[in-house]
K.L.:
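Before we start, here is the structure in question, set down as structure tokens.
The first residue in the sequence is number 1, and the count goes up from there.
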Amino acid sequence: MDFDLAPPTGVGPLRIGMTRHAASTALDSLRDLSEISESDRPGQHVFRPSGLMISIHCVRDMLEATELGRPSSRTDRVLLQGVDVFALPAREVVRRVGKYTSVVEDPDDDASFIAPDLLVSFWRPFAADDEPEEEQGHYFSSVLLARPGYDDTPAQAAEREQFFQPEQ
């Protein structure tokens, strides 16, 4: 099955901003009922038979982010504008996505990257760009799609809140 990331909207039935209950129901719909994983946690994450992990992050009863973890087989694909984010080497994903939006190295983790205009981040535990046999570093391990402000510091959140306050 293909999972098309559609920033900033969501992925599949998971829509950023939906209620926790709706997000939990949507997450449950992504389970493969013929092969339910013992690792599934209702309202948190599911594992598909391919090994693809799909998790939801809710705060204040609202879906703020969805994270997908690299599958162990290619029966499920995660695509961003046609780029298979888990099948291609990490640097190739960055190059291809970088053709249509800014992609920068995460300032806190040089093995990971952020597409700030899309509110998408790509993570791997370490960089092994020239070592394909070192899969955990050569390929991305997860991709996160979030709402605006998801990674704000407290100061940034206060500034954003002040900016969006109605005039009185």
Side-chain angles (χ1 to χ4, degrees), residues 1-16 23 26-58 63-152:
M1 172 182 274
D2 286 351
F3 292 86
D4 291 303
L5 298 174
T9 306
V11 58
L14 295 166
R15 297 289 180 236
I16 300 298
L27 179 65
D28 197 46
S29 76
L30 297 173
R31 298 170 84 195
D32 183 331
L33 297 178
S34 68
E35 200 171 326
I36 295 175
S37 171
E38 290 181 16
S39 298
D40 285 2
R41 295 292 172 262
Q44 294 178 9
H45 58 259
V46 298
F47 285 84
R48 294 184 43 82
S50 68
L52 176 70
M53 183 272 306
I54 306 166
S55 71
I56 58 174
H57 303 269
C58 296
L63 179 63
E64 293 206 336
T66 301
E67 184 175 10
L68 294 95
R70 187 169 189 253
S72 51
S73 75
R74 294 199 179 170
T75 54
D76 286 326
R77 299 184 320 155
V78 177
L79 306 168
L80 178 60
Q81 296 289 322
V83 177
D84 189 332
V85 300
F86 295 130
L88 296 170
R91 288 285 176 184
E92 182 63 13
V93 171
V94 168
R95 187 185 71 73
R96 290 187 186 189
V97 173
K99 287 182 177 180
Y100 65 89
T101 192
S102 170
V103 180
V104 296
E105 196 172 274
D106 184 330
D108 298 323
D109 181 358
D110 62 0
S112 301
F113 293 83
I114 301 167
D117 295 339
L118 299 180
L119 304 167
V120 172
S121 64
F122 305 94
W123 180 84
R124 57 188 171 161
F126 57 88
D129 294 327
D130 297 328
E131 303 291 334
E133 53 285 335
E134 195 65 63
E135 285 192 23
Q136 287 187 14
H138 191 65
Y139 299 95
F140 284 119
S141 298
S142 69
V143 62
L144 180 104
L145 175 86
R147 66 151 180 81
Y150 180 76
D151 281 335
D152 282 357

K.L.:
When rounded to the nearest 0.5 angstrom, what distance separates CG in Leu119 from CD in Glu64?
P.N.:
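Going from CG on Leu119 over to CD on Glu64, the span is 12.0 Å.
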
K.L.:
Backbone N or O of Gly137 within a donor-acceptor pair of the Arg124 side chain at under 3.5 Å?
P.N.:
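Checking the backbone N and O of Gly137 against the side chain of Arg124, a donor-acceptor pair under 3.5 Å is found.
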
K.L.:
Is the backbone of Phe86 close enough, under 3.5 Å, to the side chain of Arg70 for a donor and an acceptor to pair up by distance?
P.N.:
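Confirmed, Arg70 side chain pairs with Phe86 backbone.
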
K.L.:
Can you confirm whether Pro13 sits close enough to Leu30 that some side-chain heavy atom of one is under 4.5 Å from a side-chain heavy atom of the other?
P.N.:
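They are in side-chain contact.
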
K.L.:
Does atom CD of Gln136 have more than 12 heavy-atom neighbours from other groups under 6.0 Å away?
P.N.:
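Incorrect, the count does not exceed 12.
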
K.L.:
How long is the straight-line distance from CG of Leu68 back to CZ of Phe140, given to the nearest 0.5 Å?
P.N.:
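Nearest 0.5 Å value for the CZ-CG distance: 14.5 Å.
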
K.L.:
Nearest 0.5 Å please: distance from the OG atom of Ser142 over to the CE atom of Met53.
P.N.:
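It comes to 6.5 Å.
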
K.L.:
So, for Cys58 and Leu63, which heavy atoms are closest and what is the spacing to 0.1 Å?
P.N.:
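So the two residues come closest at SG-CA, 3.9 Å.
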
K.L.:
In this structure, which one of His45, Arg48, Glu67 forms a side-chain contact (heavy atoms from CB on, under 4.5 Å) with Ile54?
P.N.:
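So, applying the side-chain contact (heavy atoms from CB on, under 4.5 Å) to Ile54 and each of His45, Arg48, Glu67, only Arg48 qualifies.
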
K.L.:
If you compare all heavy atoms of Pro107 against all heavy atoms of Ile114, which two are closest, and at what distance to 0.1 Å?
P.N.:
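Between these two residues, the closest heavy atoms are CD-CD1, 4.3 Å.
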
K.L.:
Got a sec, which residues hit side chain to side chain donor-acceptor pair (under 3.5 Å) with Thr75, two or more places apart in sequence or on another chain?
P.N.:
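Partners of Thr75 by the side chain to side chain donor-acceptor pair (under 3.5 Å) criterion, ordered by chain and then number, come out as Ser73.
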
K.L.:
When you compare the side chain of Phe3 with that of Thr66, does any pair of heavy atoms fall below 4.5 Å?
P.N.:
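Result no, sub-4.5 Å side-chain heavy-atom pair not found.
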
K.L.:
With rounding to the nearest 0.5 Å, note down the distance linking CZ in Arg147 to NE2 in His57.
P.N.:
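Output value for this atom pair is 12.5 Å.
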
K.L.:
Nearest heavy-atom pair of Ser50 and Leu52: which atoms, and what distance?
P.N.:
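Reported closest heavy-atom pair: OG-N, 3.1 Å.
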
K.L.:
Measure the shortest side-chain to side-chain distance between Pro125 and Ser141 over non-hydrogen atoms and say whether it is less than 4.5 angstrom.
P.N.:
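Yes, close enough: below the 4.5 Å cut-off.
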
K.L.:
Which heavy atom of Pro132 sits nearest to which heavy atom of Tyr139, and what is that distance?
P.N.:
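So the two residues come closest at O-CE1, 4.1 Å.
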
K.L.:
Rounded to the nearest 0.5 Å, what's the gap from CG on Leu79 to CG on Asp84? Could you check?
P.N.:
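So the gap between those two atoms works out to 5.5 Å.
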
K.L.:
Looking at CG of Leu5 and CG of Leu145, how far apart are the two atoms once the value is rounded to the nearest 0.5 Å?
P.N.:
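Going from CG on Leu5 over to CG on Leu145, the span is 6.0 Å.
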
K.L.:
For atom CG of Asp130, decide whether the heavy atoms of other residues, nucleotides or ligands shown that lie under 6.0 angstrom number more than 12.
P.N.:
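Not buried by this count: 12 neighbours or fewer within 6.0 Å.
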
K.L.:
Using every non-hydrogen atom in the two residues, find where Leu118 and Pro7 come nearest and quote the distance to one decimal.
P.N.:
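Taking Leu118 first and Pro7 second, the nearest heavy atoms are O-CB, 3.0 Å.
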
K.L.:
Indicate yes or no: at least one non-hydrogen side-chain atom of Leu80 is less than 4.5 angstrom from one of Val97.
P.N.:
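Of all side-chain heavy-atom pairs linking Val97 with Leu80, at least one is under 4.5 Å.
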
K.L.:
So which atom in Glu105 and which in Asp109 form the shortest heavy-atom distance, rounded to 0.1 Å?
P.N.:
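Glu105 and Asp109 have their closest heavy atoms at CG-O, 4.5 Å.
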
